[in-house]
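Down below is the structure, laid out as structure tokens.
Counting from 1, the numbers follow the sequence of the chain as shown.
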Amino acid sequence: MDQLSAESAFSSVEFAENPEPRVPCVLVVDTSTSMQGLKLIELSKGLATYRDQLMKDALASKRVEVGIITFGGRVQRRTKFVTAPDFVPPQLDAIGGTPMGEAILEAITMVEERKQAYRENGIAYYRPWIFLITDGEPNDHWKPVCSRVEAGEKDKSFCFFAVGVEGANMEVLSEISVRKPLWLMGLKFHELFTWLSNSQQAVSQSSPGEEVALQDPTSGPTGWAAI
């Protein structure tokens, strides 16, 4: 059995055991050298918070799916789409440059592959999230990504969010993202992932296709961003 067939068979079993509609989210995480130290430590703690918060909500733990792509030197799919009970945050190590454009394209591909798996197995799904976290700027050929993100937002193929950590080039992020990029205040990764979990819990309790108003990330008890 080849890898593609094995993954398809696994998906069929997975969806048979849990036929709930899915809220897929790809975290596109900068692990370049500039993220070394406290940034990556706090980010890793934030991922654990994210999992714990999703696990507290019975519905979200069945519906929200998390995948992780890292880009530090090279682009890697670190976590395939899994629900919270199976989500184990990977160890993040800082290395190399910032191939952000390639990472975003890989995230779009990962989302499209997952949507195809949903369709093949009769699973309803909400609009996917692509959630970029970076403290730098791309050092690869990133310009073509802008039109891909714009088209995906226009077609409602996915929602793209960009979060800049200290050192991020917010002008470049503004070119890539249709939505206004958000600036992480300090190292509030705990608050960021609490907000992300709360937002996805709200989405998971709605009907697929229904618009859900998200909490303003710059205010409230989980405020973490500045604009």
Side-chain angles (χ1 to χ4, degrees), residues 3 7 10 24-55 64-111 113-114 128-142 145 149 158 160-170 172-173 176-177 181-197 200 217 222 224-225:
Q3 182 178 354
E7 290 182 356
F10 177 81
C25 176
V26 185
L27 303 176
V28 187
V29 180
D30 187 344
T31 55
S32 61
T33 304
S34 59
M35 286 288 289
Q36 190 167 9
L38 198 55
K39 290 178 183 177
L40 219 52
I41 291 171
E42 292 303 317
L43 174 56
S44 296
K45 290 179 181 177
L47 290 175
T49 295
Y50 182 39
R51 178 188 183 279
D52 293 344
Q53 292 293 329
L54 289 174
M55 285 295 293
V64 177
E65 289 190 336
V66 186
I68 296 180
I69 290 173
T70 59
F71 58 103
R74 63 192 180 101
V75 174
Q76 299 182 73
R77 293 192 188 189
R78 296 295 303 277
T79 303
K80 65 184 178 108
F81 280 114
V82 291
T83 51
D86 294 320
F87 176 46
V88 179
Q91 178 177 331
L92 302 178
D93 299 307
I95 187 171
T98 315
M100 188 188 302
E102 181 187 347
I104 294 170
L105 290 176
E106 185 68 14
I108 294 172
T109 298
M110 192 171 174
V111 161
E113 290 174 355
R114 195 57 173 167
W129 292 41
I130 298 176
F131 205 84
L132 172 71
I133 301 171
T134 181
D135 74 337
E137 59 183 301
N139 63 358
D140 62 355
H141 189 48
W142 61 273
V145 169
V149 171
F158 54 78
F160 184 90
F161 299 87
V163 177
V165 183
E166 182 180 358
N169 187 327
M170 300 302 285
V172 169
L173 293 184
I176 295 172
S177 179
L182 294 166
W183 177 260
L184 185 73
M185 294 190 294
L187 294 176
K188 288 190 172 184
F189 286 108
H190 175 87
E191 290 82 357
L192 182 158
F193 282 106
T194 297
W195 174 88
L196 183 60
S197 173
Q200 292 175 339
T222 58
W224 53 268

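Here CG of N139 is found 8.0 Å from OG of S32. Values are rounded to the nearest 0.5 Å. Atom CH2 in W195 sits 8.5 Å away from atom CD in Q200 (nearest 0.5 Å). One finds the CD atom of E102 at 10.0 Å from the CD1 atom of I69 (value rounded to the nearest 0.5 Å). Interatomic distance, T134 OG1 to L184 CG, rounded to the nearest 0.5 Å: 12.0 Å. For the atom pair CG (L92) and CE (M35), the distance works out to 8.0 Å, reported to the nearest 0.5 Å. One distance of note links CG of L187 with CD of E166; it measures 7.5 Å at 0.5 Å rounding.
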Is there a side chain to side chain contact (heavy atoms under 4.5 Å, CB included) between W142 and T98? Walk through the geometry before answering. CA-CA 11 Å; W142 61 273; T98 315; over 6 Å; no
What do the steps show when you test Y50 against V64 for side chain to side chain contact (heavy atoms under 4.5 Å, CB included), and what is the final call? CA-CA 11 Å; Y50 182 39; V64 177; 4.0 Å; yes
Could you give me the CA-CA distance, side-chain angles and deciding distance for D30 and V165, then say whether side chain to side chain contact (heavy atoms under 4.5 Å, CB included) is met? CA-CA 10 Å; D30 187 344; V165 183; over 6 Å; no
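Minimum heavy-atom separation, L54 to A84: CB-CB, 3.8 Å. Across all non-hydrogen atoms, the minimal contact from Q91 to D93 is NE2-OD1, 3.2 Å. Residues L182 and A225 share a closest heavy-atom pair of CB-CB, 4.0 Å. When all heavy atoms of L40 and A94 are compared, the closest pair comes out as CD2-N, 3.5 Å. The two residues M110 and K80 make their nearest non-hydrogen contact at CE-CA, 4.0 Å. For the residue pair W183 and G167, the shortest heavy atom distance occurs at CH2-N, 3.7 Å.
Residues meeting the ring pair (Phe, Tyr, Trp, His ring centres under 6.0 Å) test with W129, sequence neighbours left out: F161. Every residue two or more places apart in sequence or in another chain that forms a side chain to side chain donor-acceptor pair (under 3.5 Å) with D135 is listed here: S34, K39. Residues meeting the salt bridge (Lys or Arg N to Asp or Glu O under 4.0 Å) test with E65, sequence neighbours left out: R22, R114.
Side-chain atoms of F81 and E113, non-hydrogen and from C-beta on, never get closer than 4.5 Å to each other. Put simply, the side chain of M100 reaches to within 4.5 Å of the side chain of L132, judged on heavy atoms. With contacts defined as side-chain heavy-atom distances shorter than 4.5 Å, the pair F71/D140 does not qualify. By the 4.5 Å heavy-atom criterion applied to side chains, V66 and T79 are not counted as neighbours. Looking only at side-chain heavy atoms (C-beta outward), P138 and V172 come within less than 4.5 Å of each other. Side-chain atoms of F189 and T49, non-hydrogen and from C-beta on, never get closer than 4.5 Å to each other. The shortest distance between side-chain heavy atoms of V75 and L105 does not fall below 4.5 Å. In this structure, L192 and F131 have side chains that are in contact, with non-hydrogen atoms separated by less than 4.5 Å.
Checked by atom type and distance alone, the side chain of S197 never pairs as donor or acceptor with a backbone atom of F193 at under 3.5 Å. A donor-acceptor distance shorter than 3.5 angstrom exists from the side chain of R51 to the backbone of F87, with no hydrogens or angles considered. A distance-only check finds a donor-acceptor pair linking the side chain of T33 to the backbone of G96 [under 3.5 Å].
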